[in-house]
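First up is the structure itself, then whatever we jot down about it.
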Amino acid sequence: MTLTEMLAVAGGVVLAGVVAHGAWSARKAGPRRADVQVEPVLDGARQEPGLDASPLGEAAVSQDAGMPAAPFVPRPPRKPSARIDALIDAIATATLDAPISGEMAISHLPGSRRAGTKPFHIEGMNAESGEWELPAPGQRYGEFQAGVQMANRNGAMNEIEYSEFVQKVQSFADGVGAFVQFPDMLDVVSRARELDHFAGDHDAQLTVILRAKSATWTLGFVQQVAARHGFVPGAMPGRLVLASEEEGAPPILTLNFESQAALAENPQLSALRELSLSLDVAQTPEALEPFASWQEAARGLARDIEADVCDDRGQVLNLHAFASIGQDLSTLYRALASRDLAAGSLVSRRLFS
């Protein structure tokens with residue numbers, strides 16, 4: 001290599017060094033930039049960043065902070081309650097810093113589950129199953145809810161009843177160390193009145209009177225004939241019922257008579273002239289055709305005990321009258337269903353009770 005070529009190479013090296021030093025100085029004087037991160041690849045596929053942290057991401061953060069990775073424990077899914085429904089209940093929620101035992105919750109439950117004439121429930125969310133349930137021994141609960149029924153056949157909830165509900169639930173929350181939030185009283189009372197107005201316009205209890213044409217009946221005779229039509233003694237004196245096939249469901253029909261006859265020392269000496277046969281529409285699903293059962297039982301019993309089928313004014317009912325009732329009943333069923341209060345549903349049974 002000639003002297004000229006050597007000088008040219010040396011000049012190039014010096015020039016490159018000057019350029020590199022200038023770039024380094026400019027970077028040092030400029031704003032700091034984030035380091036390039038290498039994204040993890042799972043199963044050969046690129047993992048896109050997201051808002052939800054994965055268990056792998058949580059473990060990496062813990063390890064970077066010098067802490068052991070915490071196990072990922074998914075929270076059980078929240079399941080709806082079978083006792084409390086926002087359609088007819090005002091609901092208060094109570095939160096805890098840590099789960100408590102069922103025994104502790106039970107020890108602080110109020111002695112009465114009523115606020116005036118309105119029933120209420122306090123439920124806990126089972127920490128393992130995620131189900132709302134009445135507090136039970138041996139279980140743990142991470143949160144609670146209390147629901148008070150806003151209306152029933154006793155009328156709409158008023159301010160005094162709501163205040164009683166708040167007082168009882170607050171006492172429970174204080175006992176278990178929970179923070180409780182209540183819905184606004186004026187809003188609850190307003191909703192209760194609207195619900196009661198709807199219920200009042202759509203509450204139907206159909207009743208016919210079976211009146212003896214001539215001879216009276218003994219209680220034993222009535223029970224014998226009614227048994228042939230599927231009726232059995234009810235829980236209350238003076239009542240026979242056509243039971244539902246659903247366990248725990250209200251009876252489909254009730255046949256009522258004077259309770260004094262049922263309590264008599266010798267029922268065979270009783271003398272009955274009237275029976276009432278009733279259908280509580282809201283208590284039985286339309287699919288079971290309770291209206292048809294009501295008509296059939298009325299006609300069958302009237303035939304066997306020799307009675308007239310009358311309305312509450314004593315007027316004898318004919319086939320046309322039953323047909324008219326059936327049409328009105330069909331409209332009523334549609335109105336209840338449109339409000340998610342279908343006849344025979346649990347929420348409907350509670351509201352119309």
Side-chain angles (χ1 to χ4, degrees), residues 117 151-155 196-219 221-223 225-226 229-244 250-264 270-286 288-336 341 343-344 348-349 351-353:
T117 61
N152 56 16
R153 281 176 173 159
N154 290 311
D196 180 62
H197 180 74
F198 174 85
D201 288 344
H202 298 84
D203 191 1
Q205 299 180 72
L206 307 180
T207 300
V208 291
I209 306 299
L210 302 179
R211 180 169 297 163
K213 293 182 178 180
S214 55
T216 60
W217 320 297
T218 65
L219 177 56
F221 174 73
V222 170
Q223 291 174 328
V225 173
H229 291 270
F231 286 84
V232 297
M236 299 177 59
R239 175 176 295 183
L240 302 172
V241 299
L242 182 65
S244 172
I252 298 175
L253 303 175
T254 60
L255 185 64
N256 300 285
F257 52 89
E258 293 179 6
S259 58
Q260 292 182 351
L263 298 174
S270 59
L272 299 174
R273 293 194 60 87
E274 285 187 356
L275 307 173
S276 63
L277 180 66
S278 299
L279 164 62
D280 195 334
V281 174
Q283 300 295 317
T284 307
E286 180 185 6
L288 296 182
E289 299 184 343
F291 180 64
S293 298
W294 180 65
Q295 291 185 78
E296 182 180 350
R299 294 169 181 164
L301 288 169
R303 179 190 64 245
D304 293 347
I305 63 176
E306 298 184 0
D308 288 322
V309 180
C310 308
D311 61 18
D312 56 358
R313 296 170 297 179
Q315 300 296 318
V316 176
L317 296 175
N318 53 30
L319 293 176
H320 177 73
F322 278 107
S324 177
I325 295 172
Q327 292 176 356
D328 293 340
L329 193 57
S330 179
T331 302
L332 177 63
Y333 280 133
R334 302 289 81 76
L336 291 173
L341 294 168
S348 181
R349 291 172 182 172
L351 178 61
F352 296 97
S353 63

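Here the structure is a predicted model, which means the values were calculated and not measured.
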Closest heavy-atom pair and its distance - Pro251, Val241: CB-CB, 3.7 Å
Would you compute the distance between atom CH2 of Trp294 and atom OG1 of Thr254 and round it to the nearest 0.5 angstrom? 11.5 Å
Between Phe291 and Val281, does the side-chain contact (heavy atoms from CB on, under 4.5 Å) criterion hold? Intermediate values first, please. CA-CA 8 Å; Phe291 180 64; Val281 174; over 6 Å; no
Heavy-atom donor-acceptor pair, Asn152 side chain to Thr117 backbone, under 3.5 Å: yes
Calculate, to the nearest 0.5 Å, the distance between atoms OG and CG belonging to Ser276 and Leu255 respectively. 7.0 Å
Side-chain donor or acceptor of Asp308 paired with backbone N/O of Cys310 under 3.5 Å: no
CG on Leu301 to CD on Glu296, rounded to 0.5 Å: 10.0 Å
Between Phe322 and Arg299 the two heavy atoms that sit nearest each other are CD1-NH2, 3.9 Å
Which pair of heavy atoms, one from Pro285 and one from Pro290, lies closest together, and at what distance? O-CD, 3.5 Å
Taking all heavy atoms of Pro250 and all of Gln283, pick out the closest pair and write down the distance. CG-OE1, 3.3 Å
Between Arg273 and Glu258 (salt bridge meaning N to carboxylate O under 4.0 Å), is one present in this structure? no
What's the shortest heavy-atom distance between His202 and Phe198, and which atoms? ND1-O, 2.8 Å
Test side-chain contact (heavy atoms from CB on, under 4.5 Å) on Val309 and Leu210 and set out the steps. CA-CA 5 Å; Val309 180; Leu210 302 179; 3.9 Å; yes
Find the distance between CG (Asp304) and NE2 (His229) and round it off to the nearest 0.5 Å. 4.0 Å
Please say which of Leu240, Val225, Val222 ends up in a side-chain contact (heavy atoms from CB on, under 4.5 Å) with Phe231. Leu240
Rounded distance [0.5 Å steps], CG in Leu206 versus CG in Asp311: 12.5 Å
For a quick test of reading the model, state the closest non-hydrogen atom pair linking Arg211 to Gly314 and the distance between them. NH1-CA, 3.8 Å
Under 4.5 Å between any side-chain heavy atoms of Ser278 and Asn256, yes or no? yes
So how far is it from Leu272 CG to Thr218 OG1, rounded to the nearest 0.5 Å? 7.5 Å
Flag the pair Gln295 / Glu289 as yes when at least one side-chain heavy-atom distance between them is below 4.5 Å, and no otherwise. no
